[in-house]
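First comes the structure, then the notes that go with it.
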Amino acid sequence: MPDGVLVVGGGVGGLVLARRLALAGRPVVVFERSDRFGGQVARQTVAGVDLDAAAESFAMRGGTVARLLTELGMAEDIETPLSTPAWLHRADGSAVPLPATGVLGIPGDPSAPDVVHAIGRRAALRARIDALLPARVGADASSLGELVRRRMGRGVVDGLVAPVVRGVHSSDPHSLPVETASPRLRDELHATGSLAAAVQRIRATAPAGSQVAGIRGGMFRLVDALVADCERLGVRLETGAEAADITSESVTVNGRRVTGEVVRAATPVDAPAGRRITLATLVVEASGLDPAPRGTGVLVAAGAPGVSARALTHVSAKWAWVGERLPGLHALRLSYDGDVPDAIERATADAATLTGARIDRVVDATSAVWQRRPGGAWADTPEPAVGEGPAGTGLASVVAHAERVAGRLSADSPEPASGGRMEG
Ligand SMILES: Cc1cc2nc3c(=O)[nH]c(=O)nc-3n(C[C@H](O)[C@H](O)[C@H](O)COP(=O)(O)OP(=O)(O)OC[C@H]3O[C@@H](n4cnc5c(N)ncnc54)[C@H](O)[C@@H]3O)c2cc1C
(Lines give C-alpha, C1' and ligand atoms only; values in the text may rest on other atoms or scores of the structure.)
Protein backbone atom coordinates (compact mmCIF):
# COMPACT_ATOMS: atom_id res chain seq x y z
CA MET A 1 0.00 0.00 0.00
CA PRO A 2 1.70 3.22 -1.08
CA ASP A 3 1.72 5.86 1.64
CA GLY A 4 2.26 8.98 -0.48
CA VAL A 5 -0.74 11.07 -1.53
CA LEU A 6 -0.90 12.35 -5.11
CA VAL A 7 -3.12 15.40 -5.43
CA VAL A 8 -4.31 16.14 -8.96
CA GLY A 9 -4.91 19.89 -9.23
CA GLY A 10 -3.36 22.83 -7.40
CA GLY A 11 -6.41 25.05 -6.87
CA VAL A 12 -7.45 26.03 -3.35
CA GLY A 13 -9.10 22.61 -2.81
CA GLY A 14 -5.93 20.70 -3.68
CA LEU A 15 -3.63 23.02 -1.72
CA VAL A 16 -5.76 22.97 1.45
CA LEU A 17 -5.88 19.17 1.30
CA ALA A 18 -2.12 18.90 0.70
CA ARG A 19 -1.30 21.24 3.57
CA ARG A 20 -3.56 19.47 6.04
CA LEU A 21 -2.21 16.02 5.08
CA ALA A 22 1.37 17.28 5.37
CA LEU A 23 0.57 18.65 8.84
CA ALA A 24 -0.61 15.13 9.72
CA GLY A 25 2.75 13.77 8.59
CA ARG A 26 1.80 12.33 5.21
CA PRO A 27 4.06 12.77 2.20
CA VAL A 28 2.20 14.67 -0.53
CA VAL A 29 2.81 15.63 -4.14
CA VAL A 30 0.58 18.18 -5.92
CA PHE A 31 0.40 18.04 -9.72
CA GLU A 32 -0.79 21.27 -11.33
CA ARG A 33 -1.10 21.35 -15.09
CA SER A 34 -0.79 25.11 -15.56
CA ASP A 35 2.22 27.26 -14.73
CA ARG A 36 0.71 28.62 -11.49
CA PHE A 37 -1.20 27.43 -8.43
CA GLY A 38 -4.60 28.74 -7.36
CA GLY A 39 -6.93 27.85 -10.25
CA GLN A 40 -9.91 30.17 -9.99
CA VAL A 41 -8.14 32.32 -7.38
CA ALA A 42 -5.68 34.38 -9.40
CA ARG A 43 -3.96 37.74 -9.53
CA GLN A 44 -3.87 40.26 -12.34
CA THR A 45 -1.96 43.54 -12.47
CA VAL A 46 -3.96 46.56 -13.65
CA ALA A 47 -2.52 50.09 -13.55
CA GLY A 48 0.40 48.71 -11.55
CA VAL A 49 -1.79 47.27 -8.77
CA ASP A 50 -2.28 43.54 -8.13
CA LEU A 51 -6.02 42.81 -8.09
CA ASP A 52 -8.05 39.63 -7.98
CA ALA A 53 -8.70 38.23 -11.45
CA ALA A 54 -11.53 35.88 -10.38
CA ALA A 55 -12.66 35.06 -6.80
CA GLU A 56 -12.43 38.19 -4.65
CA SER A 57 -14.22 37.16 -1.45
CA PHE A 58 -15.34 34.22 0.66
CA ALA A 59 -18.52 33.44 2.56
CA MET A 60 -18.05 33.78 6.33
CA ARG A 61 -20.49 30.94 7.11
CA GLY A 62 -18.99 28.22 9.26
CA GLY A 63 -15.87 30.29 9.89
CA THR A 64 -13.65 27.78 8.07
CA VAL A 65 -11.88 30.18 5.73
CA ALA A 66 -11.29 32.68 8.53
CA ARG A 67 -9.81 29.89 10.68
CA LEU A 68 -7.52 28.85 7.85
CA LEU A 69 -6.39 32.45 7.33
CA THR A 70 -5.71 32.72 11.06
CA GLU A 71 -3.56 29.57 10.95
CA LEU A 72 -1.68 31.10 8.03
CA GLY A 73 -1.01 34.29 10.03
CA MET A 74 -3.45 36.43 8.03
CA ALA A 75 -6.21 37.06 10.60
CA GLU A 76 -5.42 40.78 10.61
CA ASP A 77 -5.83 40.96 6.84
CA ILE A 78 -9.45 39.80 6.72
CA GLU A 79 -11.46 42.75 5.43
CA THR A 80 -15.20 43.10 5.04
CA PRO A 81 -16.54 45.00 2.05
CA LEU A 82 -17.76 48.54 2.57
CA SER A 83 -21.43 48.43 3.37
CA THR A 84 -22.93 50.79 0.78
CA PRO A 85 -25.77 48.95 -0.95
CA ALA A 86 -25.64 47.66 -4.51
CA TRP A 87 -28.03 48.95 -7.16
CA LEU A 88 -30.36 47.32 -9.61
CA HIS A 89 -30.41 48.35 -13.28
CA ARG A 90 -33.95 47.45 -14.30
CA ALA A 91 -35.25 46.03 -17.57
CA ASP A 92 -36.64 49.48 -18.48
CA GLY A 93 -33.19 51.05 -18.11
CA SER A 94 -33.85 52.84 -14.81
CA ALA A 95 -31.77 52.25 -11.67
CA VAL A 96 -32.86 51.78 -8.04
CA PRO A 97 -31.01 50.73 -4.88
CA LEU A 98 -31.36 47.03 -4.20
CA PRO A 99 -33.85 46.53 -1.34
CA ALA A 100 -31.99 46.36 1.95
CA THR A 101 -33.43 43.33 3.71
CA GLY A 102 -33.13 40.50 1.23
CA VAL A 103 -31.39 37.21 0.66
CA LEU A 104 -30.42 36.75 -2.99
CA GLY A 105 -32.97 39.44 -3.85
CA ILE A 106 -35.84 37.72 -1.99
CA PRO A 107 -37.39 40.43 0.17
CA GLY A 108 -37.72 39.91 3.92
CA ASP A 109 -40.52 42.48 3.89
CA PRO A 110 -42.44 42.67 0.58
CA SER A 111 -44.27 45.82 1.74
CA ALA A 112 -41.08 47.78 2.46
CA PRO A 113 -40.98 51.04 0.44
CA ASP A 114 -37.69 50.07 -1.26
CA VAL A 115 -39.23 46.79 -2.46
CA VAL A 116 -42.35 48.54 -3.78
CA HIS A 117 -40.10 51.12 -5.45
CA ALA A 118 -37.98 48.39 -7.09
CA ILE A 119 -40.70 46.07 -8.43
CA GLY A 120 -43.90 48.15 -8.40
CA ARG A 121 -47.03 48.05 -6.26
CA ARG A 122 -48.76 45.16 -8.08
CA ALA A 123 -45.76 42.79 -7.85
CA ALA A 124 -45.22 43.76 -4.21
CA LEU A 125 -48.89 43.01 -3.41
CA ARG A 126 -48.55 39.58 -5.03
CA ALA A 127 -45.40 38.94 -2.97
CA ARG A 128 -47.34 39.58 0.25
CA ILE A 129 -49.55 36.55 -0.52
CA ASP A 130 -46.54 34.47 0.62
CA ALA A 131 -47.52 35.22 4.23
CA LEU A 132 -50.99 33.69 3.68
CA LEU A 133 -49.93 30.49 1.91
CA PRO A 134 -49.41 27.20 3.76
CA ALA A 135 -45.73 26.39 4.33
CA ARG A 136 -45.94 23.43 1.94
CA VAL A 137 -46.48 25.67 -1.11
CA GLY A 138 -43.20 25.70 -2.99
CA ALA A 139 -41.48 23.63 -0.30
CA ASP A 140 -40.73 20.86 -2.83
CA ALA A 141 -39.45 23.26 -5.52
CA SER A 142 -36.25 22.06 -7.13
CA SER A 143 -34.92 25.49 -8.11
CA LEU A 144 -34.72 28.84 -6.36
CA GLY A 145 -36.71 30.41 -9.21
CA GLU A 146 -39.58 27.95 -8.82
CA LEU A 147 -39.66 28.38 -5.03
CA VAL A 148 -39.82 32.17 -5.19
CA ARG A 149 -42.32 32.21 -8.07
CA ARG A 150 -44.74 29.91 -6.25
CA ARG A 151 -44.56 31.87 -3.01
CA MET A 152 -44.03 35.47 -4.09
CA GLY A 153 -44.79 35.56 -7.80
CA ARG A 154 -43.00 36.29 -11.03
CA GLY A 155 -42.43 39.98 -10.29
CA VAL A 156 -40.03 39.17 -7.45
CA VAL A 157 -38.25 36.49 -9.52
CA ASP A 158 -37.76 38.66 -12.62
CA GLY A 159 -37.33 42.01 -10.90
CA LEU A 160 -35.10 41.10 -7.95
CA VAL A 161 -33.93 37.50 -7.74
CA ALA A 162 -32.86 36.97 -11.37
CA PRO A 163 -30.52 40.01 -11.53
CA VAL A 164 -28.93 39.09 -8.18
CA VAL A 165 -28.47 35.43 -9.13
CA ARG A 166 -27.10 36.40 -12.55
CA GLY A 167 -24.63 38.75 -10.90
CA VAL A 168 -23.64 36.64 -7.90
CA HIS A 169 -23.89 33.03 -9.12
CA SER A 170 -23.51 33.65 -12.89
CA SER A 171 -26.65 31.60 -13.35
CA ASP A 172 -30.41 31.68 -13.73
CA PRO A 173 -32.65 31.20 -10.66
CA HIS A 174 -34.56 28.46 -12.50
CA SER A 175 -31.39 26.38 -12.86
CA LEU A 176 -30.03 27.12 -9.38
CA PRO A 177 -30.86 24.41 -6.81
CA VAL A 178 -32.39 25.86 -3.63
CA GLU A 179 -29.71 24.31 -1.40
CA THR A 180 -26.88 25.71 -3.53
CA ALA A 181 -28.43 29.17 -3.41
CA SER A 182 -29.05 29.17 0.33
CA PRO A 183 -28.50 25.99 2.36
CA ARG A 184 -30.94 27.12 5.10
CA LEU A 185 -33.78 28.56 3.03
CA ARG A 186 -35.97 25.46 2.73
CA ASP A 187 -35.63 24.51 6.42
CA GLU A 188 -36.42 28.05 7.52
CA LEU A 189 -39.50 28.07 5.26
CA HIS A 190 -40.71 24.91 7.04
CA ALA A 191 -39.91 26.40 10.45
CA THR A 192 -41.41 29.86 9.95
CA GLY A 193 -44.23 29.16 7.48
CA SER A 194 -43.37 31.89 4.95
CA LEU A 195 -40.53 32.77 2.63
CA ALA A 196 -40.32 36.37 3.87
CA ALA A 197 -40.02 35.15 7.48
CA ALA A 198 -37.38 32.61 6.39
CA VAL A 199 -35.38 35.42 4.81
CA GLN A 200 -35.70 37.54 7.95
CA ARG A 201 -34.42 34.64 10.09
CA ILE A 202 -31.43 34.12 7.82
CA ARG A 203 -30.67 37.85 7.85
CA ALA A 204 -31.02 38.04 11.62
CA THR A 205 -28.36 35.38 12.17
CA ALA A 206 -26.07 36.73 9.43
CA PRO A 207 -26.51 40.49 9.34
CA ALA A 208 -25.54 42.45 6.23
CA GLY A 209 -21.83 43.08 5.97
CA SER A 210 -20.85 39.92 7.82
CA GLN A 211 -21.84 37.51 5.07
CA VAL A 212 -18.68 37.80 2.99
CA ALA A 213 -15.16 39.02 3.52
CA GLY A 214 -12.01 39.37 1.48
CA ILE A 215 -8.30 39.65 2.13
CA ARG A 216 -6.59 43.01 2.31
CA GLY A 217 -4.26 42.96 -0.68
CA GLY A 218 -6.28 40.37 -2.62
CA MET A 219 -7.81 36.92 -2.27
CA PHE A 220 -4.88 35.53 -4.26
CA ARG A 221 -2.72 36.05 -1.15
CA LEU A 222 -4.43 32.94 0.26
CA VAL A 223 -2.84 30.92 -2.55
CA ASP A 224 0.60 32.47 -1.94
CA ALA A 225 0.29 31.60 1.76
CA LEU A 226 -0.88 28.03 1.10
CA VAL A 227 1.97 27.44 -1.36
CA ALA A 228 4.53 28.84 1.10
CA ASP A 229 3.18 26.70 3.94
CA CYS A 230 3.07 23.57 1.76
CA GLU A 231 6.73 24.18 0.81
CA ARG A 232 7.66 24.66 4.47
CA LEU A 233 5.95 21.35 5.30
CA GLY A 234 7.82 19.49 2.55
CA VAL A 235 4.95 19.07 0.07
CA ARG A 236 6.30 18.52 -3.45
CA LEU A 237 4.63 21.08 -5.70
CA GLU A 238 4.88 20.56 -9.46
CA THR A 239 3.59 22.97 -12.10
CA GLY A 240 3.38 22.11 -15.81
CA ALA A 241 2.34 18.65 -14.56
CA GLU A 242 -0.89 17.50 -16.19
CA ALA A 243 -2.14 14.23 -14.72
CA ALA A 244 -3.73 11.73 -17.12
CA ASP A 245 -4.98 8.12 -16.90
CA ILE A 246 -6.09 8.83 -13.35
CA THR A 247 -7.00 5.85 -11.16
CA SER A 248 -7.27 5.69 -7.38
CA GLU A 249 -3.70 4.32 -7.19
CA SER A 250 -1.76 5.97 -10.00
CA VAL A 251 -1.55 8.78 -12.53
CA THR A 252 0.57 9.52 -15.58
CA VAL A 253 2.34 12.87 -15.52
CA ASN A 254 4.36 13.98 -18.53
CA GLY A 255 4.93 10.34 -19.53
CA ARG A 256 5.84 9.12 -15.98
CA ARG A 257 3.59 6.64 -14.23
CA VAL A 258 3.41 7.61 -10.56
CA THR A 259 1.82 5.49 -7.86
CA GLY A 260 0.31 6.59 -4.58
CA GLU A 261 -3.06 7.34 -3.01
CA VAL A 262 -4.67 9.59 -5.61
CA VAL A 263 -7.02 12.42 -4.66
CA ARG A 264 -8.67 14.39 -7.43
CA ALA A 265 -8.81 18.16 -6.99
CA ALA A 266 -9.44 18.93 -10.66
CA THR A 267 -12.38 18.60 -13.00
CA PRO A 268 -12.49 15.33 -14.97
CA VAL A 269 -12.20 15.80 -18.73
CA ASP A 270 -15.68 14.38 -19.33
CA ALA A 271 -17.45 16.61 -16.74
CA PRO A 272 -20.22 18.94 -17.94
CA ALA A 273 -18.61 21.98 -19.56
CA GLY A 274 -20.31 24.67 -17.48
CA ARG A 275 -20.63 28.24 -18.73
CA ARG A 276 -17.98 30.61 -19.88
CA ILE A 277 -17.95 34.16 -18.61
CA THR A 278 -15.77 37.14 -19.50
CA LEU A 279 -14.58 39.58 -16.85
CA ALA A 280 -13.29 43.01 -17.85
CA THR A 281 -11.41 45.08 -15.27
CA LEU A 282 -10.96 48.80 -15.91
CA VAL A 283 -8.98 51.36 -13.95
CA VAL A 284 -10.40 54.74 -14.90
CA GLU A 285 -10.37 58.45 -14.25
CA ALA A 286 -13.97 59.50 -13.62
CA SER A 287 -14.68 62.16 -11.02
CA GLY A 288 -18.39 61.29 -11.24
CA LEU A 289 -17.53 58.00 -9.53
CA ASP A 290 -15.97 59.67 -6.47
CA PRO A 291 -19.22 59.63 -4.44
CA ALA A 292 -19.81 55.95 -5.46
CA PRO A 293 -23.14 56.80 -7.12
CA ARG A 294 -24.12 53.12 -7.40
CA GLY A 295 -22.68 51.89 -4.10
CA THR A 296 -20.58 48.76 -4.42
CA GLY A 297 -21.98 47.93 -7.83
CA VAL A 298 -24.91 47.28 -10.13
CA LEU A 299 -26.84 44.11 -10.93
CA VAL A 300 -28.45 44.16 -14.35
CA ALA A 301 -31.92 42.77 -15.15
CA ALA A 302 -32.12 40.65 -18.31
CA GLY A 303 -33.21 42.67 -21.33
CA ALA A 304 -32.04 46.06 -20.04
CA PRO A 305 -31.64 48.16 -23.20
CA GLY A 306 -28.17 49.09 -24.47
CA VAL A 307 -26.22 47.10 -21.86
CA SER A 308 -24.72 43.66 -22.32
CA ALA A 309 -22.92 43.33 -18.95
CA ARG A 310 -24.78 41.31 -16.35
CA ALA A 311 -23.11 42.97 -13.37
CA LEU A 312 -20.68 45.75 -12.50
CA THR A 313 -18.61 45.89 -9.33
CA HIS A 314 -17.17 49.23 -8.25
CA VAL A 315 -14.14 47.43 -6.86
CA SER A 316 -12.45 50.48 -5.35
CA ALA A 317 -15.70 51.47 -3.59
CA LYS A 318 -16.27 47.92 -2.32
CA TRP A 319 -12.81 47.17 -0.93
CA ALA A 320 -11.06 49.90 1.07
CA TRP A 321 -7.59 48.55 0.25
CA VAL A 322 -8.20 48.86 -3.50
CA GLY A 323 -9.34 52.47 -3.13
CA GLU A 324 -6.24 53.27 -1.08
CA ARG A 325 -3.92 51.82 -3.72
CA LEU A 326 -5.54 53.74 -6.59
CA PRO A 327 -5.69 57.34 -5.34
CA GLY A 328 -7.70 59.55 -7.70
CA LEU A 329 -8.73 56.55 -9.79
CA HIS A 330 -11.49 53.93 -9.78
CA ALA A 331 -11.41 50.18 -10.43
CA LEU A 332 -14.48 48.65 -12.07
CA ARG A 333 -15.15 45.04 -12.94
CA LEU A 334 -17.84 44.05 -15.42
CA SER A 335 -18.98 40.51 -16.16
CA TYR A 336 -20.41 39.10 -19.38
CA ASP A 337 -21.89 35.79 -20.45
CA GLY A 338 -19.74 33.83 -22.93
CA ASP A 339 -16.56 34.85 -24.73
CA VAL A 340 -16.55 38.58 -25.45
CA PRO A 341 -13.57 39.56 -27.65
CA ASP A 342 -14.30 43.31 -27.42
CA ALA A 343 -14.96 43.17 -23.66
CA ILE A 344 -12.89 46.24 -22.81
CA GLU A 345 -14.69 48.50 -25.31
CA ARG A 346 -18.08 47.18 -24.23
CA ALA A 347 -17.17 47.51 -20.56
CA THR A 348 -16.14 51.14 -21.02
CA ALA A 349 -19.52 51.97 -22.60
CA ASP A 350 -21.51 49.85 -20.13
CA ALA A 351 -19.67 51.38 -17.16
CA ALA A 352 -20.91 54.86 -18.11
CA THR A 353 -24.49 53.63 -18.64
CA LEU A 354 -24.62 51.60 -15.43
CA THR A 355 -23.03 54.17 -13.13
CA GLY A 356 -24.48 57.28 -14.77
CA ALA A 357 -20.97 58.81 -14.61
CA ARG A 358 -18.78 59.96 -17.50
CA ILE A 359 -15.61 57.89 -17.90
CA ASP A 360 -12.93 60.53 -18.60
CA ARG A 361 -10.04 58.16 -19.31
CA VAL A 362 -9.32 54.44 -19.19
CA VAL A 363 -5.91 54.28 -17.53
CA ASP A 364 -5.50 50.52 -17.92
CA ALA A 365 -7.75 47.56 -18.61
CA THR A 366 -7.66 43.80 -18.95
CA SER A 367 -10.10 41.00 -19.66
CA ALA A 368 -10.16 37.25 -19.06
CA VAL A 369 -12.47 34.34 -19.77
CA TRP A 370 -13.41 31.91 -17.00
CA GLN A 371 -15.36 28.68 -16.88
CA ARG A 372 -18.03 28.43 -14.21
CA ARG A 373 -19.38 25.02 -13.34
CA PRO A 374 -22.44 24.31 -11.25
CA GLY A 375 -21.61 22.92 -7.79
CA GLY A 376 -21.47 19.14 -7.66
CA ALA A 377 -20.81 18.96 -11.42
CA TRP A 378 -18.34 16.11 -11.03
CA ALA A 379 -19.10 14.66 -7.63
CA ASP A 380 -18.99 11.06 -8.85
CA THR A 381 -15.40 9.92 -9.28
CA PRO A 382 -13.93 6.51 -8.42
CA GLU A 383 -11.04 8.13 -6.48
CA PRO A 384 -11.52 10.40 -3.46
CA ALA A 385 -12.07 14.01 -4.55
CA VAL A 386 -11.95 17.54 -3.20
CA GLY A 387 -12.73 20.89 -4.84
CA GLU A 388 -15.91 22.45 -6.13
CA GLY A 389 -17.09 19.29 -7.92
CA PRO A 390 -17.93 17.41 -4.72
CA ALA A 391 -17.98 20.46 -2.40
CA GLY A 392 -20.08 22.96 -4.35
CA THR A 393 -18.93 26.28 -5.78
CA GLY A 394 -17.25 28.87 -3.57
CA LEU A 395 -14.24 29.00 -1.30
CA ALA A 396 -16.16 28.44 1.95
CA SER A 397 -17.52 25.13 0.63
CA VAL A 398 -14.26 24.07 -1.03
CA VAL A 399 -12.07 24.78 2.03
CA ALA A 400 -14.43 23.14 4.56
CA HIS A 401 -14.81 20.05 2.40
CA ALA A 402 -11.05 19.69 1.73
CA GLU A 403 -10.38 19.94 5.48
CA ARG A 404 -12.94 17.18 6.15
CA VAL A 405 -11.51 14.88 3.47
CA ALA A 406 -7.98 15.47 4.78
CA GLY A 407 -9.14 14.56 8.29
CA ARG A 408 -10.63 11.32 6.98
CA LEU A 409 -7.55 10.41 4.92
CA SER A 410 -5.19 11.13 7.83
CA ALA A 411 -7.29 8.94 10.11
CA ASP A 412 -7.16 6.14 7.50
CA SER A 413 -3.40 6.51 7.09
CA PRO A 414 -1.73 3.17 7.93
CA GLU A 415 1.39 4.27 9.82
CA PRO A 416 3.44 7.39 10.43
CA ALA A 417 4.48 8.16 6.89
CA SER A 418 7.94 8.30 5.45
CA GLY A 419 8.24 9.41 1.85
CA GLY A 420 5.97 8.71 -1.12
CA ARG A 421 6.75 6.05 -3.65
CA MET A 422 7.37 7.38 -7.16
CA GLU A 423 7.80 5.08 -10.13
CA GLY A 424 8.26 5.61 -13.82
C1 LIG B 1 -14.77 34.66 -12.06
C2 LIG B 1 -14.95 33.89 -10.79
C3 LIG B 1 -15.30 34.56 -9.63
C4 LIG B 1 -15.47 33.84 -8.45
N5 LIG B 1 -15.76 34.54 -7.32
C6 LIG B 1 -15.84 33.88 -6.15
C7 LIG B 1 -15.98 34.62 -4.94
O8 LIG B 1 -15.97 35.86 -4.93
N9 LIG B 1 -16.09 33.91 -3.78
C10 LIG B 1 -16.03 32.53 -3.76
O11 LIG B 1 -16.11 31.94 -2.68
N12 LIG B 1 -15.86 31.82 -4.90
C13 LIG B 1 -15.76 32.46 -6.09
N14 LIG B 1 -15.55 31.76 -7.23
C15 LIG B 1 -15.51 30.28 -7.17
C16 LIG B 1 -14.23 29.77 -6.52
O17 LIG B 1 -13.13 30.50 -7.02
C18 LIG B 1 -14.06 28.29 -6.82
O19 LIG B 1 -15.22 27.58 -6.36
C20 LIG B 1 -12.83 27.66 -6.16
O21 LIG B 1 -11.69 28.48 -6.31
C22 LIG B 1 -12.60 26.30 -6.79
O23 LIG B 1 -11.43 25.73 -6.28
P24 LIG B 1 -11.01 24.27 -6.76
O25 LIG B 1 -9.72 23.96 -6.08
O26 LIG B 1 -12.13 23.32 -6.58
O27 LIG B 1 -10.82 24.34 -8.35
P28 LIG B 1 -9.92 25.23 -9.30
O29 LIG B 1 -9.65 26.55 -8.72
O30 LIG B 1 -10.60 25.17 -10.63
O31 LIG B 1 -8.54 24.45 -9.37
C32 LIG B 1 -8.37 23.26 -10.09
C33 LIG B 1 -6.91 23.21 -10.55
O34 LIG B 1 -6.67 21.94 -11.15
C35 LIG B 1 -5.84 22.13 -12.29
N36 LIG B 1 -6.04 20.95 -13.16
C37 LIG B 1 -7.13 20.67 -13.91
N38 LIG B 1 -6.97 19.48 -14.52
C39 LIG B 1 -5.75 19.00 -14.15
C40 LIG B 1 -5.02 17.81 -14.45
N41 LIG B 1 -5.50 16.85 -15.24
N42 LIG B 1 -3.79 17.66 -13.88
C43 LIG B 1 -3.26 18.61 -13.05
N44 LIG B 1 -3.93 19.76 -12.75
C45 LIG B 1 -5.15 19.95 -13.28
C46 LIG B 1 -6.31 23.44 -12.87
O47 LIG B 1 -5.31 24.02 -13.70
C48 LIG B 1 -6.58 24.26 -11.59
O49 LIG B 1 -5.44 24.99 -11.19
C50 LIG B 1 -15.33 32.43 -8.44
C51 LIG B 1 -14.97 31.75 -9.60
C52 LIG B 1 -14.76 32.48 -10.77
C53 LIG B 1 -14.34 31.75 -12.03
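Predicted, not measured: the structure shown is a model, and the values here were computed from it. When a ligand or atom number is given, it counts from 1 through the structure's own listing order.
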*Can E261 and R408 be said to form a salt bridge (Lys or Arg N to Asp or Glu O under 4.0 Å), step by step?*
CA-CA 13 Å; E261 188 177 349; R408 215 169 51 230; over 6 Å; no
_Please identify which of these residues, L334, L354, V298, meets the side-chain contact (heavy atoms from CB on, under 4.5 Å) condition with V307._
L354
*Proximal ligand 1 atoms for E242, defined as those under 4.0 Å from one of its heavy atoms*: 41 (N), 42 (N)
*Spell out, as yes or no, whether a donor-acceptor pair under 3.5 Å connects the side chain of T278 to the backbone of G338.*
yes
*Has ligand 1 got any nitrogen or oxygen that is less than 3.5 angstrom from a nitrogen or oxygen of R372?*
yes
_Nearest neighbour in protein (non-hydrogen) for atom 13 (C) of ligand 1_ = A55 CB, 3.5 Å
*Write out the residue and atom name of the closest protein heavy atom to atom 19 (O) of ligand 1, then the distance separating them to 0.1 Å.*
E388 OE1, 2.6 Å
*Taking atom types as modelled, find out whether D50 and T45 have a side-chain donor-acceptor pair closer than 3.5 angstrom.*
yes
_Among T355, L329, V362, side-chain contact (heavy atoms from CB on, under 4.5 Å) partner for V284_ = V362
*Heavy-atom contacts with V12 under 4.0 Å: which atoms of ligand 1 show up? List them by number with element.*
25 (O)
*Which bit of F31 is near ligand 1, meaning a heavy atom under 4.0 Å away: side chain, backbone, both or neither?*
backbone
*asked:* Below 3.5 Å, N or O to N or O, backbone or side chain included: is there any such pair between T393 and ligand 1?
replied: no
*Of all the atoms in ligand 1, which lie at a distance below 4.0 Å from a heavy atom belonging to G39?*
29 (O), 31 (O), 48 (C), 49 (O)
*For ligand 1, is there an N or O atom under 3.5 Å from any N or O atom of T267?*
no
*Please state which part of L279 comes within less than 4.0 Å of ligand 1, counting heavy atoms only: side chain, backbone, both or neither.*
side chain
*Out of R33, E32, Q40, whose heavy atom sits nearest atom 28 (P) of ligand 1?*
Q40
*Expected output: side-chain Q200 to main-chain G108 donor-acceptor under 3.5 Å*: yes
*asked:* Considering both backbone and side-chain atoms of L395, is one of its nitrogen or oxygen atoms within less than 3.5 Å of a nitrogen or oxygen in ligand 1?
replied: yes
_Does the residue S57 have a heavy-atom contact with ligand 1, meaning some pair of atoms that are separated by less than 4.0 Å?_
yes
_Contact atoms of ligand 1, heavy-atom distance to G387 under 4.0 Å_ = 26 (O)
*Is the closest basic N to carboxylate O distance between E188 and R203 below 4.0 Å?*
no
*asked:* Restricting to non-hydrogen atoms, name the atom on G217 and the atom on R325 that form the minimum distance, rounded to 0.1 Å.
replied: CA-NH1, 3.8 Å
*So is A53 polar-close to ligand 1, meaning N/O to N/O under 3.5 Å?*
no
*asked:* With a 6.0 Å cut-off (strictly less than), is the heavy-atom count around CZ of R154, excluding the residue itself, greater than 12?
replied: no
*Residue portion contacting ligand 1 (non-hydrogen atoms closer than 4.0 Å) for A244*: neither
*Return yes if some donor-acceptor pair links the side-chain N/O of R333 with the main-chain N/O of A54 below 3.5 Å, else return no.*
yes
_Within the 4.0 Å heavy-atom shell around A265, which atoms of ligand 1 are there?_
32 (C), 34 (O)
*Just by modelled atom types, is the I246 backbone N or O under 3.5 Å from a matching donor or acceptor in the S250 side chain?*
no
*Judging by distance only, is a nitrogen or oxygen of W370 under 3.5 angstrom from one on ligand 1?*
no
_T247 side chain to E383 side chain, donor-acceptor N/O pair below 3.5 angstrom_ = no
*Hey, which atoms in ligand 1 end up nearer than 4.0 Å to a heavy atom of G13?*
25 (O)
*Under 3.5 Å, is there a donor-acceptor pair linking the side chains of R346 and S367?*
no
*Decide yes or no on salt bridge (Lys or Arg N to Asp or Glu O under 4.0 Å) for R43 and D224, but give the supporting numbers first.*
CA-CA 10 Å; R43 65 154 59 70; D224 296 345; 2.8 Å; yes
*asked:* Distance under 4.0 Å to a non-hydrogen atom of A266: what atoms of ligand 1 satisfy this?
replied: 34 (O), 36 (N), 37 (C), 38 (N), 39 (C), 45 (C)
*Considering heavy atoms of the protein only, find what lies nearest to atom 34 (O) of ligand 1 and give residue, atom and distance to 0.1 Å.*
G9 CA, 3.3 Å
*Which atoms from ligand 1 have a heavy atom of G38 less than 4.0 Å away?*
29 (O)
*For L68 and V399, work out which heavy atoms get closest and say how close.*
CD2-CG1, 3.9 Å
*Under a 4.0 Å heavy-atom limit, does A241 contact ligand 1 with its side chain, its backbone, both, or neither?*
backbone
*Any idea which protein heavy atom is nearest atom 12 (N) of ligand 1, and the distance to it?*
G394 CA, 3.5 Å
_Closest approach of any protein heavy atom to atom 2 (C) of ligand 1, naming residue and atom_ = A54 CB, 3.7 Å
_How far is atom 31 (O) of ligand 1 from the closest protein heavy atom, and which atom is that?_
G11 CA, 3.3 Å
_E388 and Q40: side chain donor to acceptor below 3.5 Å_ = yes
*Looking only at N/O atoms, are A243 and ligand 1 under 3.5 Å apart anywhere?*
yes
